[in-house]
Amino acid sequence: MNYVVFDIGAVLITWDAALAFEDSFDTRAECDAFLARIMFDKLNLAGDAGVSFDLLAETLTDPRDAALLSEYVARYAKSVPSKIEGTWDILRTLKAKGTPVHAITNWSAETWPEGVKAHPELAEVFETLIVSGQEGLIKPSVAIFHLFCERAQVAAQDCIFIDDGLHNVAGARAAGMDGIHFIGADALRADLTDRGLL
């Protein structure tokens, strides 16, 4: 039995953090400069690991930047505007063929409920779901993949993990899983077809 394990952001759901803040700036360039100035990518990774955005905002010295970041959770739904339909088609085909479908996502425990409000299917479609911020573990650590296997009661060698981050695919492989680097739905369909799943 093969088990297919999806990442979610940039694989099943589009994500652009700037969309949460752009109405506070005159131009997208100004918004991008804000994200770069506060090193949002690093702060967001800490959020994915379980740190609250209020605590992260307290690390910023500029009061306006801090105030904006503290609003991120409330604004979050704007940052996940749409599904990546081609990948959802693949997911539905797998489920229709009886292939168990799971997910491991780096996602803040605070923003995850907002993402589910925007895309309710995320709470319904997976047999086992690991959200990093809820667990205090984050990809690409092998520990989060081991936790998934324990919770799903599956062997790592029976799992195929799909992620847009090559470093996360490397983490899955280090944990004993097969890994597919997601670069688009068409390539994913070909990869899964080569493995006999589609």
Side-chain angles (χ1 to χ4, degrees), residues 2-21 40-41 44-53 71-141 144-145 147-154 159-165 168-169 171-172 177 179-189 191-192 197-198:
N2 286 120
Y3 306 92
V4 177
V5 188
F6 284 90
D7 174 37
I8 297 176
V11 174
L12 287 162
I13 303 293
T14 60
W15 175 66
D16 181 357
L19 297 177
F21 301 108
F40 178 82
D41 288 348
N44 187 64
L45 192 63
D48 286 350
V51 182
S52 78
F53 280 94
E71 295 173 6
Y72 182 53
V73 174
R75 295 168 173 245
Y76 184 77
K78 297 177 182 179
S79 74
V80 286
S82 59
K83 296 178 178 65
I84 299 172
E85 291 295 347
T87 319
W88 279 93
D89 289 344
I90 291 169
L91 184 153
R92 294 184 186 108
T93 299
L94 289 168
K95 288 180 70 70
K97 292 169 91 49
T99 301
V101 172
H102 308 272
I104 304 171
T105 185
N106 280 357
W107 204 308
S108 159
E110 292 180 304
T111 59
W112 174 252
E114 302 305 312
V116 170
K117 287 177 190 175
H119 303 285
E121 300 93 332
L122 292 176
E124 304 163 356
V125 72
F126 304 112
E127 295 191 22
T128 305
L129 170 66
I130 301 292
V131 177
S132 65
Q134 295 175 348
E135 308 296 342
L137 296 171
I138 197 165
K139 297 177 296 183
S141 168
I144 196 168
F145 298 103
L147 174 65
F148 164 77
C149 290
E150 178 183 335
R151 196 163 292 172
Q153 296 186 313
V154 300
C159 298
I160 301 169
F161 178 69
I162 302 157
D163 200 297
D164 64 301
N168 293 330
V169 174
M177 296 182 178
I180 296 175
H181 182 211
F182 180 80
I183 57 172
D186 290 343
L188 175 59
R189 185 176 294 278
D191 287 335
L192 290 173
L197 289 172
L198 292 177

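Nothing here was measured: the structure is a model prediction, and the numbers come from that model.
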Between Phe21 and Arg75, the two heavy atoms sitting closest are CA-NH1, 3.6 Å
Between Lys139 and Ser132, does the side-chain contact (heavy atoms from CB on, under 4.5 Å) criterion hold? Intermediate values first, please. CA-CA 8 Å; Lys139 297 177 296 183; Ser132 65; over 6 Å; no
Rounding to 0.5 Å, atoms NE2 (His181) and CG (Asp164) come to a distance of 6.5 Å
Inter-residue atom distance Cys149.SG - Tyr3.OH, 0.5 Å rounding: 10.0 Å
Passes side-chain contact (heavy atoms from CB on, under 4.5 Å), Val4 versus Phe161? Steps please. CA-CA 6 Å; Val4 177; Phe161 178 69; over 6 Å; no
In terms of ring plane angle, is the pair Phe53 and Phe40 parallel, tilted or perpendicular, where the classes change at 30° and 60°? parallel
Whether Arg189 and Asp186 form a salt bridge (side-chain N of Lys/Arg under 4.0 Å from carboxylate O of Asp/Glu) is what I want to check. no
Quick one: are Ile13 and Ile84 in side-chain contact, heavy atoms under 4.5 Å? no
Answer yes or no: does atom CD of Glu85 have more than 12 heavy-atom neighbours from other residues, nucleotides or ligands under 6.0 Å? yes
Could you tell me if the side chain of Leu137 sits less than 4.5 Å from the side chain of Phe148, heavy atoms only? no
Tell me the closest heavy-atom pair linking Arg151 and Ile130, and the distance in Å. NH1-CD1, 3.6 Å
Of all heavy-atom pairs between Cys159 and Val154, which one has the smallest distance, and what is that distance? SG-CG2, 3.6 Å
Looking only at non-hydrogen atoms, find the nearest pair between Ser79 and Tyr72 and report the distance. OG-OH, 4.1 Å
From Phe126 atom CZ to Leu12 atom CG, the distance as rounded to the nearest 0.5 Å: 5.0 Å
Evaluate the side-chain contact (heavy atoms from CB on, under 4.5 Å) criterion for residues Ile144 and Ile138: first the C-alpha distance (whole Å), next the side-chain angles of each, then the deciding distance (0.1 Å), finally the verdict. CA-CA 6 Å; Ile144 196 168; Ile138 197 165; 5.5 Å; no
Testing the basics here: between Glu114 and Val73, what is the closest heavy-atom pair and its distance to 0.1 Å? CG-O, 3.6 Å
Are Asp7 and Asn106 close enough that some pair of their side-chain heavy atoms sits under 4.5 Å apart? no
Test item: Thr14 side-chain N/O and Val80 main-chain N/O as donor-acceptor pair under 3.5 Å: no
Within a strict 4.5 Å, meaning less than it, do heavy atoms of the Val5 and Ile162 side chains meet? no
If you draw a 6.0 Å radius around CD in Glu124, do more than 12 non-hydrogen atoms from other residues or ligands fall strictly inside? yes
To the nearest 0.5 Å, atom CD1 of Ile104 lies from atom CZ of Phe145 at 5.0 Å
Distance flag, aromatic centroids of Phe6 and His102, threshold under 6.0 Å: no
Are side-chain heavy atoms of Glu121 and Trp88 found at a separation under 4.5 Å? yes
Looking at NZ of Lys95 and CZ of Arg92, how far apart are the two atoms once the value is rounded to the nearest 0.5 Å? 10.5 Å
Would you compute the distance between atom OG1 of Thr105 and atom CG of Asn168 and round it to the nearest 0.5 angstrom? 9.5 Å
For a 4.5 angstrom cut-off between non-hydrogen side-chain atoms, does Thr87 reach Leu188? yes
On a heavy-atom basis, the closest approach of Trp107 and Gly115 is CZ2-CA, 4.0 Å
When you compare the side chain of Val131 with that of Glu135, does any pair of heavy atoms fall below 4.5 Å? no
Do the side chains of Met177 and Ile160 get nearer than 4.5 Å, heavy atoms only? no
Show, in sequence, the C-alpha distance, side-chain angles and deciding distance for Trp15 and Asn44, and conclude whether the side-chain contact (heavy atoms from CB on, under 4.5 Å) test is met. CA-CA 12 Å; Trp15 175 66; Asn44 187 64; 3.6 Å; yes
